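What you are looking at is a predicted structure, and each value in this text was computed from that prediction instead of being measured. In listed order, ligands and their atoms are each counted from 1.
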Amino acid sequence: MANDKKYSVVIAGGGSTFTPGFVLDLIKSQDMFPLRQLKFYDNDAERQEKIAKAVEIIIKERAPQIKFSYTTDPKKAFTDVDFVMGSIRVGKYHMRSLDEKIPLKYGVNGQETTGPGGMAYGLRSIPAIIQIIDWMEKYSPNAWMINYSNTIAIVAEACRRLRPNAKVINICDMPIDIMNRMAKICGLDSFHDLDFTYYGLNHFGWWKSVRNKKTGEDLMPKLKDYVSKNGYWVGGDYDKDTEASWEATFKKAKDCYSLDPTTLPNTYMQYYYFPQYEVANANPKHTRTDEILEHRQKIVFGECKRIVEAGTAKDNIWDISGLHSEYIVDICHAIAYNTHEKFLANCPNNGAISNMDPDSIVEVPCLYGADGIQPLATGKAGRFQRGLMMEQQTCEKLVVDAYVEHSYNKMLQAFTLNKTVPDASVAKKILDDMMVVNKPYWPELK
Ligand code: NAD
Ligand code: LMR
């Protein structure tokens, strides 16, 4: 260990379904990233408390040296912290459900972070994330914020424009999830065993190379062969808890791969390559939100209740299942100990993809250290990929324009340009419905 410091972390979005898994991961990593304090912050006291009461027990049993507290008071939350983990969902699942169902009503892809739903969610998230950055800078000016609150591409563009000097890094776990699958397919343990080159936008990217980190072996031929038959579906024990919609997604990567056999795709490309297929296979009355409410949310809150009633966290579900967030601890460790380890981040391009604009927000490999992130050069994007990215990032920029200028027209342009939307009149219908339900969250668009 490079220093003896113990760290103080606040999770913004303490009531998140990912919080208990994240806490257990932090506890498991005490040798690598020791904590003196852990706080939760949320603007929904009741939801947060359900998670926090269970976490109190977990910490008392497993890491009593960590001082734990939870609050809805920003000053208490953001004072004396080294890292802020951003895991908020503005409008919670109620609004996610509308993001999914309103576009489907008009025959358009309804999804959390892609298409009109993703843009609606991004517009909701911007002010809340900017507010959290401002509190962090006011109460703990040396802290870093590691944000994984979606829609990441739009949030990152808002950070670039509105808080260009803030110590905030916007990250995503989808490539990690896929790389864990790649490792399994190649007989390795986890993403830690892989070296890689990846480029794109958030939920919109491609692997150019994947190698065995230790031996340097080129794993692309093996992976391409596998993905061309099975997508990223591993099956067996590995996938025993994978939900139906994710099974379909991992399998669909087979078709996404067929569009460009020189790279391996992020699973989210399915929404842009096959929007009609997605709509045809969606149930507008039962979307991913309903699946989460019936599955993940029920399991997480049920388990927290069980822990509180039992007064012990012995044999909890997170000890048995994998943890969502292991790479977040890796990232904090890399910043805290200046390791210059390589992880992806969403950041201004500045040459990382040679044929994209410097001010594009891109998702590329970066070296993480005490100064934050240093993006690595990934070379030139293919013509197909560049065309797709130019369109998509323009949508993301237009959403931030709409936020800054309170512009209805910019939001309409964003929806109209998006690859998932057939024409401007459909874009307008979706936007008009969304304006009504997003009134408490969006700026007034004129
Ligand atoms: P969740 O609804 O279970 O939890 C989010 C919490 O945020 C809720 O407790 C809610 O009360 C709180 N919240 C909402 N607005 C807030 C605000 N302004 N200030 C403070 N707290 C606020 O959501 P979840 O499913 O756990 O997801 C959390 C976030 O993580 C979402 O943004 C989701 O999209 C994102 N996510 C990111 C990745 C990634 O790798 N980037 C992966 C999965 C989920
Ligand atoms: C989530 O809430 O898990 C999302 O971020 C991704 C999904 O499962 O739809």
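Residues satisfying the salt bridge (charged side-chain N to carboxylate O under 4.0 Å, His left out) criterion with E294, sequence neighbours excluded, are absent altogether. In this structure, D357 has no salt bridge (charged side-chain N to carboxylate O under 4.0 Å, His left out) partners at least two apart in sequence or on a different chain.
Note: an N/O pair closer than 3.5 Å links R47 and ligand 1 by distance alone. Remark: ligand 1 and G91 share no N or O pair separated by less than 3.5 Å (distance only, no angle test). Distances between N or O atoms of S16 and those of ligand 1 include at least one value under 3.5 Å.
Between H333 and Y337, the ring planes lie tilted relative to each other; the angle falls in the 30° to 60° range.
For F22, no heavy-atom contact with ligand 1 is shorter than 4.0 Å. Under 4.0 angstrom from ligand 1, there are no non-hydrogen atoms of Q297. Contact annotation: for T113 versus ligand 1, there are no heavy atoms closer than 4.0 Å. Under 4.0 angstrom from ligand 1, the non-hydrogen atoms of R296 all belong to its side chain. Contacts between S87 and ligand 1, counted as non-hydrogen atom pairs separated by less than 4.0 Å, involve both the backbone and the side chain.
Comment: K251 does not engage D239 in a salt bridge, judged by the lack of any side-chain N to carboxylate O separation of less than 4.0 angstrom. Classification of R181 and D177 as a salt-bridged pair holds, one side-chain N sitting under 4.0 Å from a carboxylate O.
The shortest distance between side-chain heavy atoms of I292 and R96 falls below 4.5 Å.
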